[in-house]
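Read through the structure below, which is laid out as structure tokens, and then see the notes.
Every chain is numbered from 1 and lettered A, B, ... according to where its sequence line falls, protein lines coming before strand lines.
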Amino acid sequence: MLPKLKEVSNRFLSLIGPGRIVKERYDFKSIEQKWQAQWETKDIYSVPDFSDKPKYYCLEMFPYPSGKLHMGHVRNYSIGDVVARFKSMHGYHVLHPMGWDAFGLPAENAAIKHGGLHPAEWTRDNIDAMRSQLKQLGLSYDWNREVATCHPGYYKWTQWLFLELYKTGLAYKKKAAVNWCPSCATVLANEQVKEGECERCSTVVQRRELDQWFFKITDYADRLLADLKKLEGWPEKVKIMQENWIGRSEGSEIVFKAETGDEMKVFTTRPDTIYGVTYMVLAPEHPLVEKMIQGKPEAQQVREFVNQVRDLSELDRTSTEAEKIGLPTGAYCINPVNGEKVPVLVGNYVLMEYGTGAVMGVPAHDQRDFEFARKYGLPIRVVIQPKGQELQSETMTEAYTEDGLMVNSGHFDGTPNRQGITKVIKYLEENRWGSGQINYRLRDWLISRQRYWGAPIPMVYCDQCGIVPVPEEELPVTLPLDVELKQVGKNPLTECEDFMNTTCPQCGAKARRETDTMDTFMCSSWYYYRYTSPRDEENAWGKQQVEHWLPVDQYIGGVEHAILHLLYSRFFTKVFYDQGYCKNEEPFENLLTQGMVLKDGAKMSKSKGNVVSPEDIIARYGADTARMFILFAAPPERDLEWSDQGVEGCYRFLNRVWRLVAAVSESLQEVPSRPEGNLVGVNREMRRITHYTIKKVTEDISQRFNFNTAVSAVMELVNAMYQYKDVPASDRDPAVMREGIETILVLLAPFAPHVTEELWEGIGNTQSVHTQSWPQYDKDAIVEEEVTIVVQINGKVRDRMIIPAEMDPEAMKELVMGQPKVQELIEGKNVVKVIAVPKKLVNIVVK
RNA sequence: GCCGAAGUGGCGGAAUCGGCAGACGCGCGCGACUCAAAAUCGCGUAUCUCCGGAUGUGUGGGUUCGACUCCCACCUUCGGCACCA
């Protein structure tokens, strides 16, 4: 068979001169392979620790090595890559690293399910597979800085950080009712429970009393909240979510004396309603409950109720729908401000974890208390009266929660309740009955996990010395690899004698190791510090390196980490700051939360069968097309609807660029890329479009991350170049042509790194397109001499005119009013006003 | 229930500071090239129309010479939180 004509011509063209003239066909596969190999050999993306250039730390959330890249990753990393390349073309010293959040349940579950493959091997294989997929995307990572959290050289420092927190009293062990996921066979932090279900497997979470390790993130609640204000580069949405999660509320703590003589503390945001208290409710787990009911006829009933509630899942327990049930304990306590005896109840809706686990009941001014009081026939007393109204407790249909004047409140009567809040607090403090208090919804971070594939908690239990930290020089506490994973719910560390048995670092006696491992969120809360000195064996990170690079200038990732990872990382950074390990108080200066990648309006998932694999797309169209599409289809923070036809369109566009360059490449050799002298006509217009595009793309990327409009601007430039190419050669300026072509390639380089590099070489350049400086637009070139303005009458477009761009408003009015067509349109009408906006419009208001 | 975001052609989206609504791309239609098809290139493409225009950015009001953009009320969708005292 004869070779096809195209193949012949390709072969012929490529003989003319290596890298000098562009082949006819866009062969993405060989181009991408060629350049990936070259970039790797020349190590062009490796970054020294220090430089004279200004630094820029561009970071994307590192992935869990599941084994396969999904479109969400492609989106995340394509965005990051554009930012990193854009910044480095602007002369920044850019740190752009990648690594692996490599500890976690899937590895362990895979080992149990399929048998044979150890989590370490499974993880390693997955990392290898994903690394090669990332490389196929042509991302500009410095792979010399790669980290994996499951590597002993990394988790040594995770353990070291645990010890640091332990030293400062921020890591502690306590017995508490915790969230237990029966399917994952481990406890979970509050942040990992969504609507009462395990966020990873959606199993209903149970409550268990367990002795566990916590980090005192609550100590930092106020700073985590206050410093949100400093994060101007964060989306408002994420800041609000964190604010709500921290849940600060101001109020006061008030002590009620129980008849047993015990002090019962309550937290309230409404101390101004203290005189309206008609009962008290304790959480079923409240330590005073048992004492209250001693010897009371209610005792048996209350105990049964307490046991019932304790057995409920977190979901049932905290559901808003659940009926509010209260039981009298038979005991009473005294309201300190008026000496009144009020009954003490036990209620299922009172949570031991929030405030003091006791609530004062003010039914007249709290809707929930109101309903509760009506249900159980408890008295209602109005202590806040609205202006111009007289509330009667008997006739009220709902609680009055608005402002008013205090009544039935002793010497506070007549005080506006807002002022009353501070006055009552002062009064309580003077009498030592209570004090102003701030409460947070945020709870301490539970970091113990009853699973194998994680960083061991570096603690030892000694019968003599109690809990003893492993000395720093003995780190890492190595996770033993010779274990057998048989079933979920059995942590093999608890059966691994070699691991468990040790000696006490303090007294040398036989001792046991902690067998729980750390929450993987702990590993991922500091990895961006490690990137700055990834192979440092003496320290978690080099102080100089961290002071040079941190904070991260741009962080990019999914919004699903709005609370979890981002809050934990902020907490860690504040601890590091306090310990003098870094100078930044916040880890991430700017945050971009990218939207999801959808198909048919839904998140891609195996169960829905709507998954599009990046591998397939790369194989069919190449990485450049995949990247182009994902950046072009939607602005980054919005959800993106996958479209096969849209991908096709981007592929067509790159082909169009290819053909354009191929068609003119020969004529561009040895032509300067800066036109000389004064341009006129098509040449001036072509150059205007080129420079306008530079301006537009630069602003779209740097000011708003709108890659979609940046790409569309380049598309318009390409369209204009196609027109220009067909102008008779005698009227064309080859330098304008070359400048246009080079501009297209340079502006597109961060988006489609391979094809631009190939074409850049093809038009005779010897240096990589990726080491070029970002072009600057010429202010004079973008000036338009003439503009089309709109002529409006009463705001409706009636005509268009071409006028000199610099015409001032008065001249515009005069010109427009003098037009016969305008005169005709306004004939017989009264001109009230004429508005002229330079370069835009003239609006004539008539009656 | 509370907090937040979003609603624009057949579709993804654009309009950045209150000034031509629908850039760019997809899809569709027409034409050129071709024996033909694909690819490519070019043109057209919001709706209605009595061909003068009229209407149109979720709905209803308002501010303004002028509103996708600002204000008020509401509807829908999505996301977060949800007995937090």
- Query: Would you say B/A85 has OP1 or OP2 under 4.0 Å from some side-chain N or O of A/Arg441?
  - Reply: no
Separation of atom [atom1] in [X] from atom [atom2] in [N], rounded to whole Å:
| X | N | atom1 | atom2 | value |
| --- | --- | --- | --- | --- |
| A/Asn244 | B/G1 | CG | P | 18 Å |
| A/Gln645 | B/G25 | CD | P | 15 Å |
| A/Ile835 | B/G66 | CD1 | P | 8 Å |
| A/Leu654 | B/U40 | CG | P | 13 Å |
| A/Glu243 | B/C84 | CD | P | 18 Å |
| A/Asp726 | B/C43 | CG | P | 11 Å |
| A/Trp234 | B/G4 | CH2 | P | 19 Å |
| A/Met801 | B/C20 | CE | P | 18 Å |

Identify which nucleotide among [options] has an atom closest to any side-chain atom of [X], counting heavy atoms from C-beta outward.
| X | options | result |
| --- | --- | --- |
| A/Val350 | B/G42, B/G66, B/A85 | B/A85 |
| A/Tyr354 | B/C43, B/C65, B/C84 | B/C84 |
| A/Asn843 | B/C65, B/G25, B/A85 | B/C65 |
| A/Ile240 | B/G4, B/C24, B/C81 | B/G4 |
| A/Arg443 | B/C81, B/C84, B/G19 | B/C84 |
| A/Arg798 | B/A54, B/G4, B/G66 | B/A54 |
| A/Leu841 | B/G19, B/C65, B/G25 | B/G19 |
| A/Leu351 | B/C26, B/A54, B/C84 | B/C84 |

- Message: Strictly under 4.0 angstrom, non-hydrogen atoms only: write out the protein contact profile of nucleotides 11-16 of chain B, one letter per nucleotide from the 5' end, B, S or -.
- Response: -BSSSB
- For A/Cys650 and A/Val559, take the nucleotide of RNA chain B holding the closest heavy atom to each; which residue's nucleotide lies nearer the 5' end? A/Cys650
- When the nearest nucleotide of RNA chain B is assigned to A/Arg659 and to A/Asn794 on a heavy-atom basis, which residue is associated with the more 5' position? A/Arg659
- Message: Expected output check: what is the dot-bracket annotation of RNA chain B, where ( ) and [ ] are pairs inside the strand (brackets for crossing ones), | is paired with another strand, and pairs are Watson-Crick or G-U under 3.5 Å?
- Response: (((((((..(((......[....)))((((((.......))))))(((....)))..(((((..]....))))))))))))....
- Message: Distance alone, cut at 3.5 Å: any donor-acceptor contact between the side chains of A/Trp245 and A/Glu191?
- Response: yes
- Message: Could you tell me if A/Arg368 sits above the aromatic ring of A/Tyr349, with its cationic atom closer than 6.0 Å to the ring centre and no more than 45 degrees from the axis?
- Response: no
- is_close_aromatic(A/Tyr279, A/Phe372), centroid dist under 6.0 Å: yes
- Message: Students often get this wrong, so: under 4.0 angstrom with heavy atoms, is A/Thr356 touching a base, only sugar-phosphate, or nothing?
- Response: nothing
- Measuring from A/Asn610:CG to A/Lys603:NZ, what's the distance to the nearest 0.5 Å? 11.0 Å
- Message: Does the plane of the ring in A/Phe707 sit parallel, tilted or perpendicular to the ring in A/Phe705? Use 30° and 60° as the thresholds.
- Response: tilted
- Any salt bridge between A/Glu236 and A/Lys239, counting N to O under 4.0 Å? yes
Donor-acceptor pair, distance only, cut-off 3.5 Å: does the side chain of [X] make one with the backbone of [Y]?
| X | Y | answer |
| --- | --- | --- |
| A/Arg443 | A/Ala189 | no |
| A/Tyr722 | A/Arg656 | yes |
| A/Asn348 | A/Lys324 | no |

- Message: Determine whether A/Glu824 and A/Lys821 satisfy the following criterion, salt bridge (charged side-chain N to carboxylate O under 4.0 Å, His left out), listing intermediate values before the conclusion.
- Response: CA-CA 5 Å; A/Glu824 212 174 289; A/Lys821 188 172 177 187; over 6 Å; no
